[in-house]
Structures are given as structure tokens and as C-alpha cells.
Peer 1: 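Structure incoming, see below.
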Amino acid sequence: MPARRDTDPAELGARLVAGDRRALARAITLVESRRVADQEAAEKLLLAILPQTGRAVRLGISGTPGVGKSSFIERFGLLLTGQGKKVAVLAIDPSSQLSGGSILGDKTRMEKLARDPNAFIRPTPAGAALGGVARRTREAMLLTEAAGFDVVLIETVGVGQSETTVAGMVDMFLLLLAPGGGDDLQGIKRGIMELADLVIINKADGDLLPKARLAAADYRMALQLMRPRHAEWKPQVQLASALLNEGIAEIWTTIGMYRAALEKTGTWQAQRSRQAEHWLMQELQDGLMEVLLRNEAVARELPKLQKAVGAGKTTPSAAARRLLGMLGH
Ligand code: GDP
């Protein structure tokens, strides 16, 4: 059967690289699809555009709901599009699995940016597990890069695991906090702090300004006691106000300094290579799991063995070995 015109990978890839936004949206839908034919087309498309990827600055940004993520991203995005840059915002939102809808990357949250012809905002597809969302987001990131976007922002909400996932696919990880929002030092998990290359204290305005200054001092102290992710970069803490549009340009300057520091030593590229290698292993794990669960004998035996393990009649390792042994039979 001939491929539908709008899913022909070669043609779609060419339109996407030429900067056609509808082709980009269609391509992302393709990588999100669970249909086998779409998945094959998506794989061909990704291979075709791979040489055009890698040129964007990949940023991760996280913060609990209410800290001002959408307000901040709107200001930050508009600053960059104002400089003639193209900005993509993608979201990893495992909570959408529960709510059935996405609270991140929602276009109504960033109204001006959503209308900007140099911006592209894509919410998380609902109903997928973190692993699935993460894989599609990474592929969507590659697609936006091939479509000529200069900055890709991957947004996530502070629930722990999704931060680690995002940090594993970006060049720099930004943590957005607000003073007095319960996000004090005790409230924020140490593991998330350790991922941050830049901590931004938003809402540093009006009555909240003194609190914001105090919070910044606390975080600077805390970061000094942690092992930095990169030898050439000490994580920074900066104040910002998305409301008043203050401190936003300074953050872009810091991102530039970070990039220069990591590029000088080769870490920028080394980190990307390491991340790509990690994703290969992740894909292998996911793929093997799929192969395993599609195997008829495994599908038949798995529930029985699960019960047996639960009842203490066999060990998880023995049961796993038995199931793995059924592969290839
Ligand atoms: P999100 O849930 O993290 O995306 O947060 P929002 O961007 O929706 O902002 C949550 C609330 O904080 C809204 O009422 C915003 O108006 C407010 N807000 C966002 N940024 C600032 C800021 O810089 N200063 C102040 N005072 N309020 C802000």
C-alpha cells in the first residue's frame, strides 16, 4: 500500500526541514502514534532528519505548579523571538496520565508566545507513562531542531522522576522556584537541586522581594555543599520576576556563559553523546520488554509466575530467568 501523502517520511522530512510548521506538527503526531505503520514512518523520518539535528540549545525547566513556569516561559520565549530566534516549548507531564489532560505546554497558558510565528508550543500527549512521554518528547525535540528552532525548552512539573528524565535529554537544567510557596529548602528534594545548573527564584517583586533574596542566599549555600554536575560550572542562583519582566535577559546571558564554559572543555558535546548512548540502552530495554510481552508462552506463564512469586513459592530471579528462557522458542 503506498504511504499516504502526508505521512510519506521523505516528503514530510523535506517540508519540515524547509520550516513548514504544519509538517512539524504532523511529524510530531507521527512519533506520538502507536500505530505500527506510523511508527515505521516515524523511524524513517527521524533517520532522514538526523543530520539536521543538534543545532539548538536544549534547556530543561522544572518547577511545581504555581511557581510561574508559564509566565516565565512566556517572557523568556518572547525575549528570544524578539531577538529573531525560533523557540519551541515541549512538555513532559506524567500527571496528565491521571487527569487525562495536560497542565503543561498548554497554549492558553502562554497566550502571546503561542501566537508568535517564531514559537512552537506542544503539550504532552495524554495517557502515556513517563517512559513513553519521554521518548516522544526527545524525538519531538529532534524534529523541532531539524525544523530550524534555535532554542528548545522542555518543561516538566516537580514530581522527581520526570526531572531526572528531562535532565537526561537537555544541555542545561533550570529549576524554577518561588519564595514562600512551600518551596523552601526543606520542601525541595535534594535530588532535584543536584540536577540544577541554574536555580531561578521567580516572583522576586513587591512584597516577595525580601523573601526572594533570603531564599537565594539559602540556595547558594545549599548548592555549595553539593557536588556540581560539571567540573567547569558552579550552579548559579538568580532572581527573576516574570510579572515585571525582570531578570529574564540576565538568565539568557547566564545560559550563554554556561554554554561557553562547557564548549571550551568539550563537555557540551560529550554530554550529548553520553545522553544519546543512554537513550539507546533505554530503547533497548523498552523494546526487549515489548518483545517479551508479545511472546505467547510468556504471556501465558507470566500471570502464573507472578502469583507464585507473590505467594513466596519461587523467587523473582528464578521466575524471570524462566520467562526469559521462553524467548526464542
Ligand atoms: P505555573 O503553574 O508554574 O505555570 O505558574 P503560572 O505562570 O500560571 O503562575 C502562577 C501564578 O503566579 C499566577 O497567578 C501568576 O500571575 C503569578 N506569577 C507568575 N510569575 C510571577 C511573578 O514573577 N511575580 C508575581 N508576583 N506573581 C507571579
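Indexing begins at 1, ligand by ligand and atom by atom, following the structure's order. Start at 1 with the first residue, then count along the sequence.
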Peer 1: Using a 3.5 Å cut-off and no angle test, enumerate the donor-acceptor pairs between side-chain atoms of residues 305-317 and protein atoms at least two apart in sequence or in another chain.
Peer 2:
residue, atom, partner, partner atom, Å
Thr315, OG1, Ser317, OG, 3.4
Thr315, OG1, Ala318, N, 3.1

Peer 1: For ligand 1 and Phe72, I'd like to know whether there is a polar contact (N/O to N/O, distance under 3.5 Å).
Peer 2: no

Peer 1: Closer than 4.0 Å to some heavy atom of Ala242 - which atoms of ligand 1 meet that?
Peer 2: 20 (N), 22 (C), 23 (O)

Peer 1: Are Val170 and Leu59 side-chain neighbours, meaning at least one heavy-atom pair lies under 4.5 Å?
Peer 2: no

Peer 1: My understanding is that we take every heavy atom of each candidate and find the minimum distance to atom 4 (O) of ligand 1. Doing that for Ser70, Ser62, Ser241, Ser71, which one comes out nearest?
Peer 2: Ser70

Peer 1: Inspect the contact between Lys304 and Glu301 and indicate whether a charged nitrogen and a carboxylate oxygen are less than 4.0 angstrom apart.
Peer 2: yes

Peer 1: If you count the atoms of ligand 1 from 1 in the order shown, which ones are under 4.0 Å from a heavy atom of Asp205?
Peer 2: 22 (C), 23 (O), 24 (N), 25 (C), 26 (N)

Peer 1: Can you tell me which portion of Leu243 lies within the under-4.0 Å heavy-atom range of ligand 1? Options are side chain, backbone, both, or neither.
Peer 2: both

Peer 1: Under 3.5 Å between some N or O of ligand 1 and some N or O of Leu244?
Peer 2: no

Peer 1: Between CE of Met110 and CG of Leu113, what distance do you get to the nearest 0.5 Å?
Peer 2: 7.0 Å

Peer 1: Can you tell me if Gly206 has a non-hydrogen atom under 4.0 Å from ligand 1?
Peer 2: no

Peer 1: For ligand 1, is there an N or O atom under 3.5 Å from any N or O atom of Gly68?
Peer 2: yes

Peer 1: Just which atoms of ligand 1 are under 4.0 Å from any heavy atom in Pro65?
Peer 2: 2 (O)

Peer 1: Under a 4.0 Å N-O cut-off, is there an ion pair linking Arg135 with Glu283?
Peer 2: yes

Peer 1: For residues 251-275, which residue pairs qualify under salt bridge (charged side-chain N to carboxylate O under 4.0 Å, His left out), counting only residues two or more places apart or in two chains?
Peer 2: Asp171-Arg272, Arg259-Glu263

Peer 1: Distance only, no hydrogens: is a donor on one side chain within 3.5 Å (strictly under) of an acceptor on the other, for Thr254 and Gln236?
Peer 2: no

